2 protein chains.
Amino acid sequence: MKPATLKTLSLTAVVALMTAEAAWAADPLPSWKGTAPKKAVVAFVEKVTKEGAPDFVPAPERVAVFDNDGTLWAEQPMYFQFQFALGRIKALAPQHPEWKDNEPFASLLKGDLKTVLAGGEPAIFEIVMATHAGMTTEEFENTVTDWIATAKHPKTGRLYTEMVYQPMLELLAYLRANRFKTFIVSGGGIEFMRPWTERVYGIPPEQVVGSSGKLKFEMRDGKPVLVKLPEVDLIDDKEGKPVGIQSHIGRRPVMAFGNSDGDLQMLQWTTAGSGPRFALIVHHDDAEREWAYDRQSHIGMLDKAWDEANARGWTVVSMKDDWKTIFLK
Amino acid sequence: MKPATLKTLSLTAVVALMTAEAAWAADPLPSWKGTAPKKAVVAFVEKVTKEGAPDFVPAPERVAVFDNDGTLWAEQPMYFQFQFALGRIKALAPQHPEWKDNEPFASLLKGDLKTVLAGGEPAIFEIVMATHAGMTTEEFENTVTDWIATAKHPKTGRLYTEMVYQPMLELLAYLRANRFKTFIVSGGGIEFMRPWTERVYGIPPEQVVGSSGKLKFEMRDGKPVLVKLPEVDLIDDKEGKPVGIQSHIGRRPVMAFGNSDGDLQMLQWTTAGSGPRFALIVHHDDAEREWAYDRQSHIGMLDKAWDEANARGWTVVSMKDDWKTIFLK
């Protein structure tokens with residue numbers, strides 16, 4: 001090792017920390033109004049990072065987990081990954097003439113999303129598997145990378161990666177500056193998220209937990225590849241979220257952030273730990289700037305988790321009343 | 001955030017880096033002799049960390065994966081986790097009278113390890129499942145923590161955590177000082193390793209990949225728990241290692257370290273990536289200070305991976321000739 005490298009590193013670290021210091025001294029969360037949720041977040045972070053205080057949490061244990069769809073980026077009128085899968089189905093349809101007579105593919109190709117969704121999780125699963133299985137992980141990554149760089153949201157016309165929430169980006173940065181390790185724990189596909197989460201959220205692939213299919217190692221033309229099989233490995237939603245957390249992280253989070261009943265068990269698991277724990281729910285109640293939906297929605301239903309949040313004093317963010325800005329600036 | 005916290009942090013960081021600098025300026029790997037393997041490791045690390053150089057690898061992509069049994073700690077005369085399971089079987093035997101008539105338990109209880117091992121992986125799997133399944137993850141963690149704090153190796157009489165290799169501890173620290181993220185990728189149980197890898201290797205639970213059983217989230221007395229099920233999730237050995245790497249890390253390692261045929265696919269997967277890659281095999285050839293075994297061994301067989309290492313120019317460490325010290329000092 002060259003001493004010069006270390007000297008450069010340490011200087012860079014100092015400059016980075018001082019710059020951060022100046023910005024955050026003013027306001028670590030400028031897109032959050034000064035209402036109760038912001039106060040609760042800041043009070044919690046100050047309490048667990050104060051060395052010697054009764055609620056101090058050592059840095060290696062500072063794990064914060066975030067749902068993705070509806071928590072870090074939008075999810076209406078349809079999970080964005082579903083839009084991706086739909087594009088794949090259309091592209092692959094010529095090679096699958098049988099799809100015109102089989103559900104959920106037939107309805108999907110006719111643009112009848114309501115019938116597709118009536119098929120529930122099994123229908124969605126079949127679509128995902130049909131469009132992912134058989135590809136190598138590298139091929140799939142390339143397909144996602146191409147799509148995410150160009151596909152636009154049907155309503156806003158923006159790139160999907162521009163439909164991330166500015167207040168949550170600030171929150172991720174604030175937690176990391178306080179030596180939290182930030183993880184995504186999403187029902188979405190792990191390999192659908194990893195190609196872009198580092199660039200968009202600053203969350204590296206090894207800190208992304210999501211639903212996954214089984215993989216098989218094999219040699220193709222003398223080169224090792226991993227092939228995606230049409231078998232579920234983990235559905236990282238509801239009861240699956242604590243399982244995904246244990247499998248990938250191996251320690252209980254200190255803070256958890258979600259927006260729907262799919263996050264309930266993750267919030268329960270997080271807050272059931274001893275010592276200080278924090279749970280927050282993003283409530284979509286801003287029809288003007290985003291969407292308004294909760295108890296009756298098929299996508300992102302917030303019903304049981306909302307009741308539990310109220311009963312247990314978890315923090316609930318009103319997007320309308322607590323956020324100055326919603327989307328990425 | 002309090003500015004004072006950041007100021008303290010940055011000073012600590014500077015002091016830590018300067019201390020490291022002083023030590024490493026002398027020799028980053030004092031327990032390694034100045035032979036070819038040490039030169040190869042240092043040359044590779046210098047090459048990929050030199051900004052602007054053709055082989056530069058950005059810090060977030062610096063992933064190094066380490067096998068555990070036989071690579072970071074010893075594995076003879078029996079994988080240490082097997083010693084743990086054996087203790088559990090003896091403790092649980094009174095509740096399982098049927099074990100005296102059923103293999104592999106009958107032989108195990110008689111101390112006839114040879115017959116047990118003749119049953120191969122299925123027998124080992126049955127023992128592991130019998131001793132782990134039905135427990136919550138917290139109960140299991142407590143059992144491991146108790147065992148690892150007190151159990152002694154049958155030959156050396158040392159704690160198992162004292163039977164880790166000093167040269168590999170230095171290597172882990174050296175790589176981390178060069179901003180590598182170090183991961184364990186082991187055939188051993190993920191939940192068997194996580195309770196102690198941070199303390200012993202400086203590797204946190206979220207950077208431990210291993211074999212795993214399925215987990216189930218449930219409520220017990222109103223408290224959420226994760227219960228270990230008697231079903232395999234992943235056998236993180238041989239073809240399973242690249243699968244475990246993809247599932248947990250999601251990017252291809254730059255450096256990989258192993259000692260047996262169980263590591264072959266991990267080394268193949270690592271070195272098949274584009275750009276600079278490094279593979280190293282620890283060869284157990286020191287019967288005096290440790291154990292000598294390779295092609296004929298049931299535990300830690302090194303045969304195909306050795307041939308491939310020679311054919312492809314991977315680095316092979318002779319414990320006898322390349323290491324000054326073997327065990328933790």
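These values consider heavy atoms only, across backbone and side chains, with no hydrogens, waters or symmetry-generated copies. Just so it is clear, the model here is predicted, and its values are computed rather than measured. Lettering follows sequence order; numbering is per chain, from 1.
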Closest heavy-atom pair, A:Gly187 versus A:Asp237, reported as atoms and distance to 0.1 Å, is CA-CB, 4.4 Å
Please state whether the side chain, the backbone, both or neither of A:Val209 comes within less than 4.5 Å of a heavy atom of chain B.
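Contact with chain B: none, neither part.
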Inset, instruction - Let me know if A:Ser212 has heavy atoms under 4.5 Å from chain B in its side chain, its backbone, both or neither. - result: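 No part of it gets close to chain B.
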Chain B contacts, top residue of [options] (heavy-atom pairs, under 4.5 Å):
options: A:Glu239, A:Arg194, A:Gln265; answer: A:Arg194
options: A:Leu226, A:Leu215, A:Val243; answer: A:Leu226
options: A:Lys181, A:Gln207, A:Glu191, A:Lys238; answer: A:Lys181

Quick one: what part of B:Val208 sits under 4.5 Å from any heavy atom of chain A, side chain, backbone, both or neither?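 No part of B:Val208 comes within 4.5 Å of chain A.
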Part of B:Ile190 lying under 4.5 Å from any heavy atom of chain A: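 The side chain, not the backbone.
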Checklist line | Basic-acidic side-chain contact under 4.0 Å: B:Glu138, A:Arg252 | finding: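 A salt bridge links B:Glu138 with A:Arg252.
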Check your understanding: When you check the side-chain N and O atoms of A:Gln246 and B:Thr137, is any donor under 3.5 Å from an acceptor?
Key -> no
State whether the side chain of A:Asp263 and the backbone N or O of A:Ser260 hold a donor-acceptor pair below 3.5 Å, judged by distance alone.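 Pair found, side chain donor or acceptor close to backbone of A:Ser260.
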Below 30° counts as parallel, above 60° as perpendicular, anything between as tilted: where do the rings of B:Phe44 and B:Phe278 land? tilted
Heaviest contributor of heavy-atom pairs below 4.5 Å to chain A, chosen from B:Pro204, B:Ser247, B:Pro60, B:Gly210, is B:Ser247
Greatest number of non-hydrogen atom pairs under 4.5 angstrom with chain A, of B:Glu198, B:Lys216, B:Lys223, falls to B:Glu198
Spatial distance of atom OG1 (B:Thr182) from atom CG (B:Leu175) [nearest 0.5 Å]:
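So the gap between those two atoms works out to 7.5 Å.
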Check: NE2 of B:His248 to CG of B:Asp236: how many Å apart, nearest 0.5 Å?
Finding: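 Here the interatomic distance stands at 7.0 Å.
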